[in-house]
Amino acid sequence: MPFDPSDIMKDRITDIGPPKYDKFFPPIIKENYGKWKYHEILEPGVLVHVSETGAEVYTVRVGAARLLSVDLIREICDIADKHCGGYVRWTTRNNIEFMVDDKSKLKPLMDDLRSRGNWFPIGGTGASVTNVVHTQGWVHCHTPAIDASGIVKAVMDELFEYFGSHKLPAQVRISLACCLNMCGAVHCSDIAILGVHRKPPIIEHERVQNVCEIPLVIAACPTAAIKPKKVGDYKSVEINENRCMFCGNCYTMCPALPLADGEGDGIALWVGGKVSNSRVPPKFSKLAVPYIPNEPPRWPTTVQTIKKMLETYASDAKRYERIGEWIERIGWEKFFEKTGIEFRHEHIDDYRLAMTTWRTTTQFKF
Amino acid sequence: MPFDPSDIMKDRITDIGPPKYDKFFPPIIKENYGKWKYHEILEPGVLVHVSETGAEVYTVRVGAARLLSVDLIREICDIADKHCGGYVRWTTRNNIEFMVDDKSKLKPLMDDLRSRGNWFPIGGTGASVTNVVHTQGWVHCHTPAIDASGIVKAVMDELFEYFGSHKLPAQVRISLACCLNMCGAVHCSDIAILGVHRKPPIIEHERVQNVCEIPLVIAACPTAAIKPKKVGDYKSVEINENRCMFCGNCYTMCPALPLADGEGDGIALWVGGKVSNSRVPPKFSKLAVPYIPNEPPRWPTTVQTIKKMLETYASDAKRYERIGEWIERIGWEKFFEKTGIEFRHEHIDDYRLAMTTWRTTTQFKF
Amino acid sequence: MALKHATPMLDELEKGPWPSFVTDIKRMAARKPMCEDLLGLLEMSYEHKEGHWKHGGIVGVFGYGGGVIGRYCDRPDLFPNVAHFHTMRVNQPASKFYSTEALRKLCDIWEEHGSGLTNMHGSTGDCILLGTTTDQLEPIFYRLTHELGMDLGGSGSNMRTPEGCVGRARCEWSCLDTQDIIYDITIKYQDELHRPMFPYKFKFKASGCPNDCVAAIARADCSIIGTWRDKIRIDQEAVRAYVGGELVPNGGSHGFEKRKLDIQKEVIDLCPTRCMEWDGKNLKIWDEDCTRCMHCINVMPRALRPGTDVGATILCGAKAPILEGAQLSSVIIPFMKMEPPYEEFHEFVEKMWDWWMENGKNRERLGELIQRLGLREFLKAVEVQPDPRMINTPRFNPYIFYDPADVPGGWERDAKAYRERHHA
Amino acid sequence: MALKHATPMLDELEKGPWPSFVTDIKRMAARKPMCEDLLGLLEMSYEHKEGHWKHGGIVGVFGYGGGVIGRYCDRPDLFPNVAHFHTMRVNQPASKFYSTEALRKLCDIWEEHGSGLTNMHGSTGDCILLGTTTDQLEPIFYRLTHELGMDLGGSGSNMRTPEGCVGRARCEWSCLDTQDIIYDITIKYQDELHRPMFPYKFKFKASGCPNDCVAAIARADCSIIGTWRDKIRIDQEAVRAYVGGELVPNGGSHGFEKRKLDIQKEVIDLCPTRCMEWDGKNLKIWDEDCTRCMHCINVMPRALRPGTDVGATILCGAKAPILEGAQLSSVIIPFMKMEPPYEEFHEFVEKMWDWWMENGKNRERLGELIQRLGLREFLKAVEVQPDPRMINTPRFNPYIFYDPADVPGGWERDAKAYRERHHA
Ligand code: SRM
Ligand code: SRM
Ligand code: SRM
Ligand code: SRM
Ligand code: SF4
Ligand code: SF4
Ligand code: SF4
Ligand code: SF4
Ligand code: SF4
Ligand code: SF4
Ligand code: SF4
Ligand code: SF4
């Protein structure tokens, strides 16, 4: 019974949810579910997990752009069919994992992957820079201050050697969100790339009353910068520009308040966040660079600043130290000194919890 | 020219400030000012400071009630005249320091002090409980929820052995403030005793408009619980009791809003604050016991709870660890377990920075 | 084959060693006009340094309030093929294992009805079908449900698509059946996933252990993180093997050459509670002081394993910054056994949602509501007793809302008696 | 001699080893009716568990707006001698050294004109004369100034009486002339001390080193804390003597028996920056990493001393909790040389006050104003450049008030051009 556009309720199936997970488990996974005993990384991107039963699963992790065409997915399927019994998985950071149940299948798989141009770089395990979690950018969203996929590509090209190696003191998680909504939840990343606006919204007085709920717009502003205002015959709003910190929440509620501005928008870089509870509790990322202009197509300043931070960290930190742990050990004053990043007034918090970030001790380094 | 009440401007001297400090320096201090090289505590309460010139000053520190009669001050002067060349000083924690410039003068001074009943207990140095910084209480202020001097006396009687010894892991600073104004700045003490109210103010509608500036009263409330209200003919206020957290700031502004209540008032105990920058930065004290009733004249529950906390700390902490450092090492869950203090909803912050006190990690102890 | 629009800037992104999404899209563009126009539009965004999408209207499949993000381009005059370019969020199978059979079918459907471009995966976890027109939504939905047994994920003020780490499927540390928990939540709360009923979005994420490989603590309104209550299991011989250089530390995360593990420096000194001791032969862990941070286990996976009395720590409130600033999740239930049929957990979830739906303002996330009304109110609502494990530190401000029930006479005052004792 | 009022509860406070303020007051009460009634009133407070003082009216000496706290009892019917019981705050000599000559004179004046009771000292630092009547204020003031060369301290919305630690007078670690700095501030700002001109109270405190023995960082709107910029001075021989057990660690703070200092455990492992190393013979300090916490110096006072390039860290904003919650002072000037005539410091103070007076609301402390308007505004006002030493961590929320001066075209937008690029 194919779909019948004239009767969409016919045979309608709803609320079935996703397929049950184990339907897609490869046999080796199904059989050893909950029995894994230990793992080892054999080389960057290649893991073995050993089961209590003695079984072994070999995983090859490959980097991928998150934006994939069906053609590329079909190629992935070809590989999985050929080597992995027709199964494949994606990681929480958008890498692809090919699994084989015997060591002998590993080399053919890897050779195959390597034979396909640069589509399937192997890496992303251990003390590496793994794939960049990111969002839509100019490819799909309506509020971005920056692109997503393009910046990620430029960054990963430059940091490529760190994807396929274990040379860093610890894992480094880079994320990107194209606006303050932070869809990637980049707020706890070792390095976060964030799209920022710097000009208050345009107010299209003629449109506001037609396309927006004014009370919701007013309520949306965290700093109460927006007030109702009559402009000529139009019910509209006014914005106290001095109180605007460019969060874009008003634009989310009201298309007649566009913020995007080629000259104003750009990138803020954040550092030192983490998620794992390993050693030290999860941490928010902190502002490193308040603003870098959008420099399409390859964002050189952003890319180089990230590289500089990464390599300063790499050469200075102790083993196991995530970026945030390193900075807390050396102190922020040394972070700015060692990376050569300028410390500016933007670094000093002035939002709700600002007070908790001030230095209430004489302990600091000259 | 004695004072002439009919002409107060005659010979009037104003704005001279205090006498210059060095007018009152004993000669040994004056001569060695800025030249001190090192010190040693010879026994609890007795310090020697050695100068680069070879000179030595011996200090005997004695505990004192902060409330002193002129008779007692004169007795102090007698001692200082007899042994110390007519000089004496008070410390920042209201202890008295007698200084002599030669070791031979030390024993006679100490014998003299010891001969005068219990007026001049020697101690308060090093890893001790030194004098309790405190405020006025029922002796002088209009807003207290508790007495000050009486509680301090009861506490120091019980902890007396820790004043004249160095048995603790580190120094322990106990402070008392009789209301949330916290005149003693007790908010950074190892142990703080704080007077708290627990009933919202009485509103004396007939008096409010006569004795208070209503707008100032309203502005005084941190939680915006107070609103203007007409009651019969009177301009008065109403209080949303659910929003009142008994801070007393409205009463400071308006005598017609008394908070004191024999049944409602009492003591909250706080722990783990410190001021010095030694090892770890200064810390605020945190709530240990939300409420203990006023139990005059000797406040047994308060005294025993403090003793229990102190002795748990003393037996569990490592050398140099202040109470707050000890707790941070073992974790608050262990603090409550070891001291047997009940953990209650009052411990969980719900004021402006509450969020920063919640546990945003899976790291805790069972 | 030459494409419709010149894309000199995007072409720069075909260079370099990392896989190029531009090359990939170009490949599709050869047979998909939608992709051709997408490239043109993107090139224009690169020139303007501004995006070219408008707010989405309300589009979706019948009977669902979420799962589709409407999207319209602001220059349909120039790029008519992406005038409409809606996204469908397809609920991924928990932890993202796929059979190629299913994947290929999905590709076929999508090539037929949409742009042929996807996100594998969205940040929340969905498999995202990127770009189609309104008229295609129902056919796609029909084919997904009928041919693939797949359904849409969440968007809007719904429960969002839950996700978990790989867990017991391929990780030795998992204290939870993350897939099963995620599947259970997803299935049990299908209505909440598909039909807006909440003040705002609500996310669940489950990680099998405190390494938190799905970043639950940073981005789920309810974060379920596996942990254990008993002792770390130690294989002393394997510890000695690490120290002796027979095993590679940290499973090879820092290189694969065999080297002697400096157990004091690399493990014991980095243990946040310093609850371990190595006497040269045996490793002793004072488990009562261990906060289960995973570090020692991470470094010596063949010697140490989590305990066996396993369950979850439930934390609530994480979210991105809008409006009050970002939050991490806070401990609400230090330990809960997580075994099917997960009744205790369901009860908790429902009490939590009831309270949020009753008290939450429009667009107020759970974490913000807890902030506004206080953790105490939330604990009352979910019937959980206060516990020091919920906080890093007790309050330091003295502004305590004492409960009148604890005060003799409550809030009653006898003004007359007061003024008899105290003359005005 | 029997006193007028029975004080059975207070009598309990005459027991025990700590000096009894009750016994002391009783002694005076024999010849001072004020003290007799004070005891009676206090006993009544002990019975009621409520204080018995009313708000003070505005009393003071002519031309001063501070220095006297008015106080009236709420049962003058029962205790007429303390119907009025005002406090005078006498500005103590910096760090509270006295000659007995001066003290005795003060006692004589106070016995003649007041209760004969004092506080040595008030929390701020004043020598407090506790309890007198309005008519005695001028005579006392006259005699204080004429006979003793002493003056009143602060109260109300004034600069309050500054205070410092004992400093160079008797401490080897002081990086500042605390007495001189305190005296200088006190004398220079006599007008501000005596005549209300501020939004609220303002306190200065100075400690000679980061041990902060006057608790400046916790309770002064402007905290001046000594520090050094060069290297800790090390006497290696003395270090060895500590390790060898020839010198008593921590100057005897933990006991006086000679014992070998476990320098690794007691010093190096407790150094917050781990910037020290002991090779068994010599102590090495990486001073560039030292945060001058004092711990190592405290533990080995005969081996280590602060450097010689000394000055102050200036921190601002500490205060008690009313209204916004307590604050500690925050670093504003990481390092300032503090040498007479202290011009740089005076300039800073005056800029700070100007900003506060211009912007502060009624009863808004400096720290609260900085909170409300932001550290950035304060720094601008005092003309200090942002410095990472002012913060523990940079902001973690993305809500940045970018300066329009840094943005091409500032806040100007060309709405028309925008809509040419982006159709609505
Ligand atoms: C496959 C994946 C789970 C999944 O469900 O997809 C995964 C798998 C493993 N993680 Fe993870 N982690 C995965 C995302 C994460 C994340 C989430 C994220 O990055 O968004 C985190 C938290 C990141 C953070 O803290 O910011 C994470 C923090 C860890 C840690 C803690 C490391 C630390 O010291 O902080 C470990 C332990 C370790 O590596 O020593 C760990 C260890 C592991 C182990 C060794 C677990 C095991 O025994 O199998 C797996 C291989 C590690 C490796 O790649 O070196 N995994 N891991 C994810 C791979 C992402 C990728 O493609 O790169
Ligand atoms: C006399 C006095 C200064 C004054 O101007 O009056 C003083 C004097 C000394 N202090 Fe202090 N401190 C004095 C109040 C303080 C305060 C303020 C307070 O308690 O309100 C503090 C901060 C307290 C806090 O952190 O909460 C203070 C924190 C220190 C420290 C840091 C200890 C730590 O590890 O945190 C030291 C160093 C040490 O003891 O090792 C120190 C060391 C010293 C030395 C050894 C300095 C020296 O070389 O002479 C002096 C004798 C110490 C002793 O008593 O064992 N002094 N000291 C104060 C005596 C108060 C009293 O009567 O008990
Ligand atoms: C597609 C996706 C980004 C991506 O490229 O992966 C996405 C895209 C959008 N997010 Fe998101 N969010 C996505 C995951 C997230 C996450 C991450 C997560 O779920 O783990 C977060 C942070 C965690 C959180 O929920 O707080 C996130 C926080 C937001 C916010 C801020 C919410 C807040 O409370 O602070 C908004 C703004 C809003 O809701 O108004 C938002 C709003 C949006 C909207 C709907 C734009 C809007 O303002 O209406 C975006 C539509 C883009 C488009 O055109 O397709 N999105 N969003 C992710 C969903 C894919 C999926 O279903 O798998
Ligand atoms: C006498 C003294 C307590 C003592 O027994 O030592 C004192 C007594 C009073 N203080 Fe205080 N404060 C005293 C030092 C302090 C300190 C400590 C300090 O200065 O180091 C503090 C905390 C630090 C600070 O300034 O924040 C302090 C914070 C307060 C506050 C809360 C201010 C705030 O911003 O949070 C108030 C309430 C107010 O100002 O309305 C207050 C108000 C008061 C008043 C005037 C009561 C009032 O509400 O009007 C008290 C008069 C009591 C009386 O009857 O004599 N007092 N007050 C101290 C002054 C003696 C002196 O001059 O030496
Ligand atoms: S981060 Fe902002 S711009 Fe980017 S996808 Fe999310 S909502 Fe859109
Ligand atoms: S961008 Fe944010 S701060 Fe600015 S007006 Fe809009 S909602 Fe307010
Ligand atoms: S703490 Fe409160 S009650 Fe005590 S003296 Fe200060 S203002 Fe008065
Ligand atoms: S006591 Fe405090 S919280 Fe209560 S009404 Fe008065 S000012 Fe408000
Ligand atoms: S969170 Fe723990 S259980 Fe889950 S994959 Fe990561 S390491 Fe394994
Ligand atoms: S899990 Fe963490 S806290 Fe527990 S013993 Fe290992 S390193 Fe220490
Ligand atoms: S603060 Fe420093 S200089 Fe001042 S007395 Fe204390 S230890 Fe000495
Ligand atoms: S002063 Fe403190 S930070 Fe500096 S070396 Fe000594 S212990 Fe370390």
Side-chain angles (χ1 to χ4, degrees), chain B residues 3 8 13 15-19 21 24-25 29 33-34 36-41 49 65-70 72-73 77 80-81 86 89-90 92 118-119 126-127 138 142 144 149-150 153 156-157 160 166 182-185 187-188 222 249 255 260 262 275-279 282 294 296-297, chain D residues 9 12-13 16-19 21 24 28 45-46 48-51 53 55 91 93-94 96-100 103-104 107 111 116 118-120 123 138-139 142 145 149 151 168-169 172 179 186-187 190 210-212 214-215 217-219 251-255 270 293-295 301-302 320 323 326:
Chain B
F3 177 67
I8 64 165
I13 301 177
D15 298 289
I16 54 170
Y21 49 92
F24 295 150
F25 281 169
I29 294 292
Y33 183 89
W36 300 108
K37 208 170 149 204
Y38 67 87
H39 76 278
E40 211 154 86
I41 311 181
H49 284 79
R66 190 187 64 152
L67 198 169
L68 296 178
S69 74
V70 293
L72 193 48
I73 297 176
C77 290
D81 283 341
R89 87 173 280 264
W90 270 263
T92 58
N118 65 359
W119 289 108
W138 294 332
H142 66 292
S149 308
K153 164 78 174 135
M156 285 309 284
D157 279 345
F160 193 70
H166 288 181
M182 289 202 187
C183 290
H187 56 279
C188 297
N249 205 35
V275 165
S276 77
N277 292 279
S278 191
R279 296 173 306 286
N294 264 318
Chain D
M9 292 181 98
E12 291 298 313
L13 290 171
W18 190 250
F21 71 103
D24 194 17
M28 286 297 293
S45 296
Y46 271 54
H48 291 157
K49 303 192 251 177
E50 288 169 1
W53 300 104
H55 280 65
N91 197 330
K96 299 169 189 150
F97 284 85
Y98 291 91
S99 70
T100 53
L103 272 181
R104 285 183 198 279
C107 290
E111 175 154 5
T118 73
N119 284 155
M120 297 295 271
S123 294
E138 287 293 350
Y142 185 92
T145 48
D151 199 345
R168 283 177 172 155
E172 67 269 29
Q179 287 89 358
T186 314
I187 295 297
Q190 278 289 298
N211 281 330
D212 197 2
V214 78
I217 204 167
R219 55 197 191 112
S253 288
H254 295 92
L270 296 180
C293 82
M294 292 296 296
H295 177 71
R302 292 179 72 164
L323 250 64

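Quick note: numbers below take in every heavy atom, side chains included, and nothing from hydrogens, waters or symmetry partners. Keep in mind it's a predicted model, so treat the numbers as computed, not measured.
- Side-chain contact between D/R104 and B/D81: present, with at least one pair of heavy atoms (C-beta onward) separated by less than 4.5 Å.
- Listed here is the closest heavy atom pair of B/K153 and D/G16: NZ-O, 3.4 Å.
- Under the 3.5 Å distance criterion, the side-chain polar atoms of D/W53 are matched with a main-chain donor or acceptor of B/W138.
- Contact detail for D/M28 and B/V70: the closest heavy-atom pair is CE-CG2, 3.7 Å.
- Contacts between B/F160 and chain D at a heavy-atom distance below 4.5 Å involve the side chain alone, from C-beta outward.
- For D/T186, the part lying under 4.5 angstrom from a heavy atom of chain B is the side chain only.
- No donor-acceptor pair closer than 3.5 Å links the side chain of B/S278 to the backbone N or O of D/M294.
- For B/H49, the part lying near chain D is the side chain, with the backbone staying farther off; criterion is any non-hydrogen pair under 4.5 Å.
- With hydrogens and angles disregarded, a donor-acceptor distance shorter than 3.5 Å links the side chain of B/D157 to the backbone of D/W18.
- Side-chain atoms of B/E40 and D/R302, non-hydrogen and from C-beta on, do get closer than 4.5 Å to each other.
- B/C77 and D/L103 make their closest contact through SG-CB, 3.6 Å (heavy atoms, listed as atom of the first residue, atom of the second, distance).
- With hydrogens and angles disregarded, a donor-acceptor distance shorter than 3.5 Å links the side chain of B/H166 to the backbone of D/G252.
- Ring planes of B/F24 and D/Y98: parallel class, angle under 30° (limits at 30 and 60°).
- B/I13 touches chain D through backbone and side chain together, each having a heavy atom under 4.5 Å away.
- In terms of heavy atoms, B/H187 sits closest to D/A218 at NE2-O, 2.9 Å.
- In this structure, OG1 in D/T145 is found 10.5 Å from CG in B/D15, a value given to the nearest 0.5 Å.
- For chain B, the nearby part of D/H48 is the backbone; its heavy atoms alone come within less than 4.5 Å.
- Contact of D/I187 with chain B is made through the side chain alone, with heavy-atom distances under 4.5 Å.
- For the atom pair CG (B/L68) and CE (D/M120), the distance works out to 7.0 Å, reported to the nearest 0.5 Å.
- With a 4.5 angstrom heavy-atom cutoff, D/I217 touches chain B only via side-chain atoms.
- We find the NZ-CZ distance between D/K96 and B/R89 to be 7.5 Å, quoted to the nearest 0.5 Å.
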